[in-house]
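Let me begin by presenting the structure, written as structure tokens, before commenting on it.
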Protein chains: 2
Amino acid sequence: MDSSNTISNCKTCIYKSWAFKNLSEEELKLINCKKTEKFYRKGDIICSEGDEIKSFMYLQNGLVKLFKTEISKREHIISIAKPKDFIGLLSIFSNTNHVYSISAIEDSVVCFVDLKIIKNLIKSNGIFALDFFERISSVSDSVIKTRIDINTRQLRGRIAYILLLFSKHIYDSEKFNLPISRKEIAELIDMSTENVIRVLSEFRKDKLIQIEGKSIEIIDIKRLEKVYDLG
Amino acid sequence: MDSSNTISNCKTCIYKSWAFKNLSEEELKLINCKKTEKFYRKGDIICSEGDEIKSFMYLQNGLVKLFKTEISKREHIISIAKPKDFIGLLSIFSNTNHVYSISAIEDSVVCFVDLKIIKNLIKSNGIFALDFFERISSVSDSVIKTRIDINTRQLRGRIAYILLLFSKHIYDSEKFNLPISRKEIAELIDMSTENVIRVLSEFRKDKLIQIEGKSIEIIDIKRLEKVYDLG
DNA sequence: TATCATTTATGATATATATCATAATATATA
DNA sequence: TATATATTATGATATATATCATAAATGATA
């Protein structure tokens, strides 16, 4: 946790979610006054299981993971949030404390808006309420969909899934640097670290991808998609 | 799909969710005019994947399952909804069509409220918007929590989980009739039907439960909870 | 730079789980 | 009621996956 200063203006913020599109200038000003932007270095903890929920958190830049620490000390990653995603699921409406922890997997900027203000806006601006829930619902639904996609597949299908996720939904490129370790991939898709490494090697030998450390290039996306489809 | 008639009044409805507590008499009347109650027999389909989303669905009575049919024709159960639950996840705010199918696993009464009315109420009544999202968020969060609970456990832990779920959260009794077949349990907790049967037999031999067809009695809940905890 | 810890890598083995086979019940249907 | 069909049940076997062992490569730290 490094700096902590208000650098941008909500009204003109280029990272602004379309969920805020129907807010008036005054309403945006209200958010702007009470928001905090924080920069986190890769690895920094943003919030921990059990912490009181005070803010609505919005990822401006970077990449963060939502995770839970099991009794066995093993971590389990629930989801990865990308820029413009709300982070922390819907718990903010049904819980007083965080159920999961959040940390940065890349240098990130998180925007914290006092939860009371968001709740007041929901009360006073019905159009915003709908826009906001449309957006937050789709994030939550996609977490559920992802969990099912992963559980109903076996190892090769899961690795294909995660590679396609990074390529299509996060980096929008067939060449990218894996932001997480093989161990974290394992924690995200419920398999052992060794098998993550093994399957990645298989994909390399099968000429589906090229690997060099964290650098991945998908060289046969059609076949990789087939691996994903077949499970 | 059998009868379809308006039998109760929202204002006095004993099945009313507390999410509706802050609605005025007029608002409840509005819902009452536009709602439909439908009775479904065990096994009946309530809605199918791909159907247009027109209503907000609320389970008055009975038990329903939310499921997806895989390409392999195998079904995968996402969640089971109990009375007073909203059914259909949050998709209603972020999708135009149902992503999953819903069917009755016990004789059920579902209350359909025109989605436009709910959306209008969210726009016009901020207190309702918050109550409503608080409730719907907790349903959605618990689906995510359940999926994680299941995936991070192995077979015995999963069966323990499902038995405790029925006992504690659905029937509130240590003796109950399983509303679903062993095959459906398998589809709910991602394991093979044979192994569901096998583990249930093991639990019987280990004197954790008594089984007679669909009738289950938990006779050593402490040890069953331990099996769940150990995964 | 040297030392230590972590990550990546691969093979061998153990374990968990699915699949196949078969049979007894139970349930639905003509 | 008789017949077909689905469900429950168990054992044997195959398969997927985790675990263990070891080593090289990489990164962190004193």
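Each chain gets a letter, A, B and so on, in the order its sequence line appears, and its residues count up from 1. In this text, all values refer to a predicted model and were calculated from it rather than measured experimentally.
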Please indicate whether A/Lys214 has more than 12 foreign heavy atoms, meaning atoms of other residues, nucleotides or ligands, lying under 6.0 Å from its NZ. yes
Looking at A/Arg198, I'd like to know whether one of its side-chain N or O atoms comes within less than 4.0 Å of OP1 or OP2 on C/dA9. no
Give a yes-or-no answer on whether the side chains of B/Asp114 and B/Ser55 include a donor-acceptor pair shorter than 3.5 Å. no
Tell me whether the side-chain N/O atoms of B/Lys214 come closer than 4.0 Å to OP1 or OP2 in C/dA26. no
Between C/dT17 atom C1' and A/Asp190 atom CG, what is the distance in whole Å? 15 Å
If C/dA30 has a Watson-Crick or G-U wobble mate with both distances under 3.5 Å, name it; if not, just say none. D/dT1
I'd like to know if A/Glu194 pairs up with A/Arg182 as an ion pair, taking the criterion as any Lys NZ or Arg NE/NH1/NH2 lying under 4.0 Å from an Asp or Glu carboxylate oxygen. no
If I take atom CE in residue A/Met191 and atom C1' in nucleotide C/dA16, what distance separates them, rounded to the nearest angstrom? 16 Å
To the nearest Å, give me how far apart CZ (A/Phe203) and P (C/dA9) are. 14 Å
Which listed nucleotide (C/dT19, C/dT7, D/dT7) is nearest to the side chain of B/Glu194? C/dT19
Base, sugar-phosphate, or nothing for B/Arg204, non-hydrogen atoms under 4.0 angstrom? sugar-phosphate
Figure out the CG/P separation between A/Asn177 and D/dT26, and round it to whole Å. 15 Å
Using a cut-off of less than 4.0 Å, is there contact between a side-chain N or O of B/Ser201 and OP1 or OP2 of D/dT8? no
Starting the side chain at C-beta, find the nucleotide from D/dA18, C/dT7, D/dT8 nearest to A/Ser181. C/dT7
Under 4.0 angstrom, heavy atoms only, what part of the nucleic acid is B/Ser192 near: base, sugar-phosphate, or nothing? base
Taking the side chain of B/Leu155 as heavy atoms from C-beta outward, which of C/dT8, D/dT10, C/dA18 is closest to it? C/dA18
Give one of base, sugar-phosphate or nothing for A/Leu200, where a contact means two heavy atoms less than 4.0 Å apart. nothing
What's the CD-C1' distance between A/Gln154 and C/dT19, to the nearest Å? 12 Å
What is the separation between atom CD on A/Glu212 and atom C1' on D/dA25, rounded to the nearest whole Å? 13 Å
Ignoring hydrogens and geometry, is there a side-chain-to-backbone donor-acceptor pair from A/Arg158 to A/Tyr228 under 3.5 Å? no
I want to check one thing: is the phosphate of D/dT8, taken as OP1 and OP2, less than 4.0 Å away from some side-chain N or O of B/Arg182? yes
Between B/Asn177 and B/Tyr171, is any side-chain donor less than 3.5 angstrom from a side-chain acceptor? no
Rounded to the nearest Å, what distance is computed from the CD1 atom of residue A/Ile180 to the P atom of nucleotide C/dT7? 12 Å
Is the positively charged end of B/Lys35 above the ring of B/Phe112, judged by distance under 6.0 angstrom from the centroid and angle within 45° of the axis? no
Rounding to an integer number of Å, can you tell me how far B/Ile197 CD1 sits from C/dT19 P? 14 Å
Does OP1 or OP2 of C/dT17 have a side-chain N or O of B/Asn195 closer than 4.0 Å? no
The side chain of B/Lys183 lies closest to which of these nucleotides: D/dT7, C/dT10, D/dA16? D/dT7
